[in-house]
Amino acid sequence: MSDSELAEQRMSFAYGNSAFENPMITKEMVENEARKLAAE
């Protein structure tokens, strides 16, 4: 699995679990936070 595929899978997992608990969370929100974390 490539790094980009792994990142996509992590974002999908985070979105799926977060949106289940809070339907106001969007995929865009998860992607933005993932980018912030990657930049650190």
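- Taking Thr26 as the reference, Glu28, Met29 meet the side chain to side chain contact (heavy atoms under 4.5 Å, CB included) condition, with sequence neighbours excluded.
- Met1 pairs by the side chain to side chain contact (heavy atoms under 4.5 Å, CB included) definition with Glu5, Leu6, Gln9, not counting sequence neighbours.
- Checked against side-chain hydrogen bond (donor to acceptor under 3.5 Å, both in side chains), Glu33 has the following partners two or more places apart in sequence or in another chain: Lys36.
- Residues forming a side-chain hydrogen bond (donor to acceptor under 3.5 Å, both in side chains) with Ser4 (at least two apart in sequence, or on another chain): Ser2.
- For Arg10, there are no side-chain hydrogen bond (donor to acceptor under 3.5 Å, both in side chains) partners, not counting sequence neighbours.
- A pairwise comparison of heavy atoms in Ala19 and Ile25 identifies CB-O, 4.2 Å as the closest pair.
- Open room surrounds CG on Asp3; 12 or fewer heavy atoms of other groups in view lie less than 6.0 Å from it.
- Every residue two or more places apart in sequence or in another chain was checked for a side-chain hydrogen bond (donor to acceptor under 3.5 Å, both in side chains) with Asn17, and none qualifies.
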